[in-house]
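In what follows, a single structure is set out as structure tokens and then discussed.
Quick note on labels: first sequence line is chain A, next is B, and so on, each numbered from 1.
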Amino acid sequence: MEVSTEAKRIMVVALGKLYSSRAQRGGLRLHRSLLLTLVMKSARDMYHAAQAPTESVASGCEQQQQCSSEITTGPSGAQLDLQVHNSPRTLPQEEVQGSPTELHRDAPARNDAENKENQCPGGPLQLSRKRRGKAAVEPDFLPCKKAKLEQGPCPPQLIVNSVLMDYVNCSSELGAPPTPMPLQRVIAAC
Amino acid sequence: MEEESDTRKINNSFLRDHNYATEADIISTVEFNSSGELLATGDKGGRVVVFQREQESKSQPQRRGEYNVYSTFQSHEPEFDYLKSLEIEEKINKIKWLPQQNAAYFLLSTNDKTVKLWKISERDKRPEGYNLKDEDGRIRNPLTITSLRVPVLQPMDLMVEATARRVFSNAHTYHINSISVNSDLQTFISTDDLRVNLWNLEITDRSFNIVDIKPANMEELTEVITSAEFHPQQCHTFAYSSSKGSIRLCDMRQAALCDKHCKYFEEPEDPSTRSFFSEIISSISDVKFSHNGRYLMTRDYLTVKVWDLQMENKPLETYQVHDYLRGKLCSLYENDCIFDKFECVWNGSDSVIMTGSYNNFFRMFDRNTKRDVTLEASRENSKPRAILKPRKVCVGGKRRKDEISVDSLDFSKKILHTTWHPHENIIAVAATNNLYIFQDKVN
């Protein structure tokens with residue numbers, strides 16, 4: 001299980017770095033974002049390879065993120081699901097881009113490129129999937145975006161490359177960058 | 001055997017004693033000019049400082065020419081792109097000198113978005129004796145002028161002025177990582193993550209895109225360009241390195257858009273060393289042609305490789321820079337050090353290569369004798385005129401007296417930028433905000 005723990009940790013750190021790089025002076029660095037995305041993919045693949053024999057993932061992990069990506073696995077049926085939601089500000093960019101982030105869950109609430117789910121998601125679907133840890137209480141000045149590792153019956157999906165789209169989209173972003181969330185909190189949440 | 005002279009004077013003694021460093025003073029690039037007479041440094045604050053070598057004096061033949069500050073100027077200022085709501089950093093990413101063609105010196109300096117051509121010239125005379133204005137520049141009362149005179153050039157204190165002669169802007173969507181002057185001395189290339197643009201030094205409102213690796217769908221992006229350089233003699237050939245560890249050699253005569261390479265250099269990955277971080281550590285951070293134009297050198301996170309231009313499937317030589325870090329990649333990933341971009345450099349005769357490491361160490365590899373040495377650029381460990389002592393990092397359990405263990409290495413002290421004099425054994429090494437210049441001992 002060490003591989004999967006390490007893989008998970010690497011993914012979490014990568015997401016944290018991707019998130020905080022948006023607040024960086026000079027804008028998003030494409031090369032760095034690409035490498036982080038590749039590391040996440042690598043970690044994800046290793047994680048799945050380690051998880052394949054087992055049926056369920058016991059751990060839950062929450063994070064607040066800026067990038068939009070959902071983790072996907074193939075039909076092999078691994079149970080990992082990591083979701084990250086976009087902020088509402090990226091809405092116009094997605095339209096400009098024209099290719100929506102894929103949506104994978106059967107859940108009707110998750111639709112479209114844009115996750116308007118930065119509003120605290122309510123509803124039965126959320127309740128059944130969400131795992132709230134100690135660090136789950138967010139300050140209300142932060143948008144309600146979560147990335148969670150969950151277990152669920154639906155085939156989870158990951159589109160890590162949408163992080164890169166985000167980089168391109170950032171160029172047409174209007175408005176101030178978000179306040180970065182302390183990384184300690186992200187790690188502690190795992 | 002080398003001796004040292006530290007000549008960077010930006011930090012005053014207060015800063016030095018308290019070990020503070022303002023971020024603007026962090027050196028981001030160093031480059032000798034083609035004669036070695038001048039050394040330019042760029043920093044994060046957008047400034048360029050040019051050092052000039054003192055003429056060797058006959059009275060003190062043992063005292064080789066030292067480098068003193070010649071000119072300082074603000075090359076780039078921070079800018080704000082209102083359309084994209086992005087700040088453009090003023091940090092100087094690269095400086096490249098043009099070979100000297102007249103009394104003035106020319107260099108190209110670039111930040112993330114804009115390349116500028118600077119002219120550095122000396123003025124040691126000024127005209128005096130104007131008819132219509134007096135020495136202060138005030139207009140004289142015409143009624144007081146009773147005679148006509150010709151202004152004469154009088155000597156004055158030497159003044160070195162830098163003027164921006166060309167500004168090459170608005171050609172890059174992504175961040176510029178390198179520039180390279182062509183051997184034809186008329187064109188240069190500027191390279192960002194996805195594109196290489198060709199410019200004429202005289203024309204600033206137009207550039208030609210010669211490489212474009214941007215995919216139609218950005219979600220399919222798998223590699224970016226990390227550096228590009230013109231061949232030192234063939235004006236139609238250039239090479240660019242990628243984040244996947246490959247190098248492509250392109251010939252501009254083939255087509256206007258050089259998306260098809262004529263040579264592709266890549267070493268297959270060793271599956272036994274595969275890890276989470278394989279992609280990151282195989283990304284090439286610097287590519288340099290040898291002076292003779294027959295070899296290419298590349299730097300990735302842990303190694304330096306020398307490639308023969310005639311052999312594409314594997315490098316000619318591979319040198320381990322700091323292989324003891326291979327087991328620490330996870331911590332280096334967490335503290336961001338794994339993303340550090342080290343440069344590499346050839347000596348004038350292409351027999352020795354040099355690159356930086358952590359703890360203010362830098363490494364030299366002699367290609368002929370296969371010997372290597374680790375040296376340290378630090379004030380505490382070396383006095384001016386002293387010979388640098390080779391350093392050693394111990395990997396095993398038993399640490400000898402002078403060795404440093406891997407865990408005591410200071411990863412905040414990294415040597416990313418170094419340069420070697422084109423003809424002599426003089427090197428300049430940038431350690432955060434300090435510049436160290438080392439020369440061969442004269443005997």
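Minimum heavy-atom separation, A:Arg29 to B:Glu89: NH2-OE1, 2.9 Å.
When heavy atoms are compared at a cutoff of 4.5 Å, B:Leu194 approaches chain A solely by way of its side chain, counted from C-beta outward. Proximity to chain A (any heavy atom under 4.5 Å) is shown, for B:Asn111, by neither the backbone nor the side chain. In this structure, chain A has a heavy atom under 4.5 Å from the side chain of B:Lys341, while its backbone stays farther away.
The only option from A:Leu38, A:Leu30, A:Leu34 that meets the side-chain contact (heavy atoms from CB on, under 4.5 Å) definition with B:Ser243 turns out to be A:Leu34.
The greatest number of non-hydrogen atom pairs below 4.5 Å with chain A, out of B:Thr226, B:Asp81, B:Asp336, B:Ile88, is found for B:Asp336. Contact count against chain A (heavy-atom pairs under 4.5 Å) is highest for B:Glu90 among B:Lys91, B:Glu90, B:Glu223, B:Glu79. Contact count against chain B (heavy-atom pairs under 4.5 Å) is highest for A:Ser42 among A:Ala7, A:Ser42, A:Ala14.
Scanning residues 275-286 of chain B against chain A with a 4.5 Å non-hydrogen threshold yields B:Ser275, B:Phe276, B:Phe277, B:Glu279, B:Ile280, B:Ser283, sorted by number.
The CD atom of B:Glu87 lies 11.5 Å from the CD atom of A:Gln24; values are rounded to the nearest 0.5 Å.
Residues A:His31 and B:His175 have side chains not in contact (no heavy-atom distance under 4.5 Å, counting atoms from C-beta outward).
Atom CG of B:Asn170 has 12 or fewer neighbouring heavy atoms from other residues, nucleotides or ligands inside a 6.0 Å radius.
By the ring pair (Phe, Tyr, Trp, His ring centres under 6.0 Å) test, B:His261 is found to be paired with B:Tyr264, residues two or more places apart in sequence or in another chain being considered.
Here B:Asp112 does not pair with A:Arg25 in a salt bridge; the nearest charged N to carboxylate O distance is not below 4.0 Å.
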